[in-house]
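A short worksheet on the structure shown next.
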Amino acid sequence: MSSADDTGEQLAFIRETVRKARPRTWRGALPAEHLPVARVVVDKGLLHLDQFFDYAVPATMAEEALPGVRVRVRFGARVVASGRREGGELHDGFIVERRADSDYKGPLAPLAQVLSPEQVLTPALLRLCRTVADRYAGSLADVLQLAVPPRHAAAEAEPSPPPLPSPAAPEPGSWSRYPQGPDYLAALTAGHAPRAVWTALPGPTWPEEIARAVAATLAGGRGALVVLPDGKAAARVDAALTALLGPGRHTALTADLGPRERYRHWLSVSRGSVRAVIGTRAAMFAPVRDLGLVVVWSDGDGNHSDPRAPHPHVREVALLRAAEEGAGVLLGGLSVTVEAAQLLRTGWARPLAAERETVRATAPRVRTVTDLDQARDAAAQSARLPGPAWEAAREALTRGPVLVQVPRRGYVPRLACARCREPARCRHCVGPLEARSSGGVLECAWCGQSEAQWHCGECGSFRLRAQVVGARRTAEELGKAFPRVPVWTSGRDSVLPAVSGEPALVISTPGAEPVAEGGYAAALLLDGWALLGRPDLRAGEEALRLWMAAAGLVRPAGEGGTVVVVAEPTARPVQALVRWDPAGHAALELQERAQLHFPPVSRMASVTGAPHAVADLVSLIRLPEGTDVLGPVPAPGGRGEELERALLRVAPGQGAALAAALKAAQIARVALRTPDPVKVRIDPPDIG
DNA sequence: AGCACGCCGACT
DNA sequence: GTCGGCGTGCTC
């Protein structure tokens with residue numbers, strides 16, 4: 001920039017400051033005549049900058065600088081001689097409001113650029129993001145990054161088609177199997193906001209039922225949002241909606257679309273051209289207009305928890321939206337989470353479940369077997385199949401496909417002595433041993449030292465209760481045992497969406513089970529101890545969810561559908577599976593959590609970092625009355641670095657106070673220049 | 001977080 | 001007398 005320009009700008013600046021009617025700007029660009037101030041949220045995730053900043057709207061941008069548009073602004077400028085300001089980095093942001101004046105006393109910097117006239121940050125979306133940020137002790141900017149997809153200019157240039165008229169109200173269809181089902185749909189069409197915890201019947205009809213709930217909402221002139229845990233489930237609901245409503249009335253927001261398509265779909269929602277959205281996690285923020293219904297399918301699935309700060313959970317965001325936007329809620333799944341059970345217990349939501357008789361007619365027959373009962377067949381032995389499981393598979397393979405669910409290695413808990421079940425521990429530091437590398441060498445999860453010749457310190461046995469047989473080896477062994485039957489595998493990196501109704505063995509890790517045409521003849525749920533034995537508060541609930549997801553793909557008992565679960569028959573989740581009573585299981589778990597003061601009855605937050613930093617934050621924080629501080633203890637999953645974690649627990653109703661106190665303490669730590677960072681997480685997913 | 005300004009010790 | 005320590009405060 002030349003000095004001549006500088007002089008000119010200074011003169012212009014002085015001229016502008018003399019004129020009182022308009023806000024002053026640094027450089028004297030002529031401000032807009034009407035509403036010359038833009039209130040901006042600057043896209044910097046720093047907690048202590050979680051506030052709006054006012055900028056002057058240059059006259060040249062007056063038409064485009066509307067609320068909700070993306071802008072670029074200079075931020076972090078410094079004052080140099082004679083009170084002039086210079087520099088400042090360019091940052092992205094959104095205009096949240098146009099105003100006549102500012103309460104900021106200094107001169108306003110001008111907006112640097114309006115990036116696009118598209119008003120992407122609507123008032124409702126802004127309100128939601130603010131609520132979510134507060135709920136999770138995060139900054140508005142962090143949440144906005146999750147909620148507003150990156151701009152794609154080419155997608156934005158395309159016009160969105162005009163909205164289609166509302167469809168006719170759908171028939172209840174298979175919702176008639178639920179006593180409250182038809183009423184629920186009618187309430188949606190009538191414009192009410194019914195809230196339900198839906199214990200879905202096993203079988204392949206749930207995508208169509210979700211589609212009918214969406215159609216009922218559209219028929220009443222309102223929009224609907226469906227969030228599913230993965231792309232496979234989203235594709236099924238997508239297909240069901242297309243079958244019911246034809247194309248053009250709904251759109252999908254999933255990661256596999258790619259940035260351009262995804263933004264194009266998002267814009268069609270934001271522009272009001274499409275009123276129904278199905279999608280995965282990030283779709284929870286989709287700016288559906290006049291939202292009448294939020295559906296969350298399988299809310300216990302870990303995919304519903306966002307891995308990015310501040311880690312909002314789809315279910316919680318859905319509940320916040322329902323409250324804020326007056327929408328109905330449908331929290332559905334084959335199993336029921338403890339959080340859903342609590343919504344029922346407090347009366348916030350009503351149960352939407354079938355009669356016992358209907359459940360019995362729809363669910364497969366479930367048998368339990370312990371793994372002490374090994375098969376006689378050699379191949380079955382190699383695959384560690386108990387005798388009855390082996391027999392069930394052999395019989396069912398004459399009638400159709402058989403699903404074999406094998407826990408993933410990540411689920412396998414600590415190793416233990418095969419004879420006395422004493423956990424296998426490191427002889428150096430007493431840490432738990434893991435079979436991480438192949439080749440039978442064990443490693444300590446704490447100190448990393450390897451152990452080649454373990455023997456049990458209690459009984460002297462050399463045999464370990466080894467890790468589960470993985471999906472691949474199970475497939476190999478079963479392939480040998482059934483040479484005439486095709487063997488398919490479906491796992492984390494190669495998920496098989498569906499298989500035919502022909503006899504076949506389908507080996508799958510939990511969550512990757514393909515749908516079978518006409519349903520599986522049988523399912524074997526192997527190594528239940530691996531799911532049940534995890535040192536996690538939610539282990540039982542999670543095991544039941546994974547089992548029911550697999551068992552729900554099996555034909556009804558009346559058509560010969562059989563499930564064999566290899567697990568301790570007295571365990572509560574096993575009994576709930578046998579009785580097909582997920583709601584009862586969740587209610588019992590809830591009772592127990594209430595007694596133990598665990599979430600979701602109490603609200604918790606975790607504070608993780610270097611020991612002194614954690615202690616520091618805990619001492620700084622002004623905790624709500626009656627907060628429990630648990631720990632600090634060594635952080636779970638710590639890799640040598642001596643991180644510690646404290647848990648903070650508050651009584652029901654104090655969650656907002658806890659989040660606010662944590663945020664304030666984090667800000668105070670930044671102000672005090674404390675170097676070591678502390679991670680704060682509301683609703684930590686893994687509490688011992 | 002950066003990045004400035006501000007007020008007290010050892011150097012040209 | 002000046003250079004520079006990092007304590008404190010601000011960012012429209």
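Letters A, B, ... mirror the listed sequences (proteins, then strands); counts begin at 1.
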Which residues share a salt bridge (charged side-chain N to carboxylate O under 4.0 Å, His left out) with [X], sequence neighbours left out:
X: A:Arg260; value: A:Glu158
X: A:Arg649; value: A:Asp628
X: A:Asp43; value: none
X: A:Arg669; value: A:Asp616

Check: protein-nucleotides 6-8 of chain C nitrogen or oxygen pairs below 3.5 Å:
residue, atom, partner, partner atom, Å
C:dT8, O4, A:Arg673, NH1, 3.1

Starting at [atom1] of [X] and ending at [atom2] of [N], how long is that distance when rounded to a whole Å?
X: A:Asp676; N: B:dA1; atom1: CG; atom2: P; answer: 11 Å
X: A:Leu49; N: C:dC10; atom1: CG; atom2: P; answer: 13 Å
X: A:Lys105; N: C:dC10; atom1: NZ; atom2: C1'; answer: 14 Å
X: A:His91; N: C:dC12; atom1: NE2; atom2: P; answer: 10 Å
X: A:His48; N: C:dC12; atom1: NE2; atom2: P; answer: 13 Å
X: A:Leu90; N: C:dT11; atom1: CG; atom2: P; answer: 18 Å
X: A:Asp50; N: C:dC12; atom1: CG; atom2: P; answer: 16 Å
X: A:Gln51; N: C:dT11; atom1: CD; atom2: P; answer: 9 Å

- Message: So A:Val670, base contact, sugar-phosphate only, or nothing? Heavy-atom distance under 4.0 Å.
- Response: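 Result for A:Val670 = base.
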- Message: Run the side chain to side chain donor-acceptor pair (under 3.5 Å) test against A:Asp683 and tell me which residues pass, sequence neighbours left out.
- Response: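 Applying side chain to side chain donor-acceptor pair (under 3.5 Å) to A:Asp683 gives A:Arg135.
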- Quickly, which of A:Arg70, A:Arg151, A:Arg271 forms a salt bridge (Lys or Arg N to Asp or Glu O under 4.0 Å) with A:Glu118? Name it, please.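 Answer to the salt bridge (Lys or Arg N to Asp or Glu O under 4.0 Å) test with A:Glu118 among A:Arg70, A:Arg151, A:Arg271: A:Arg271.
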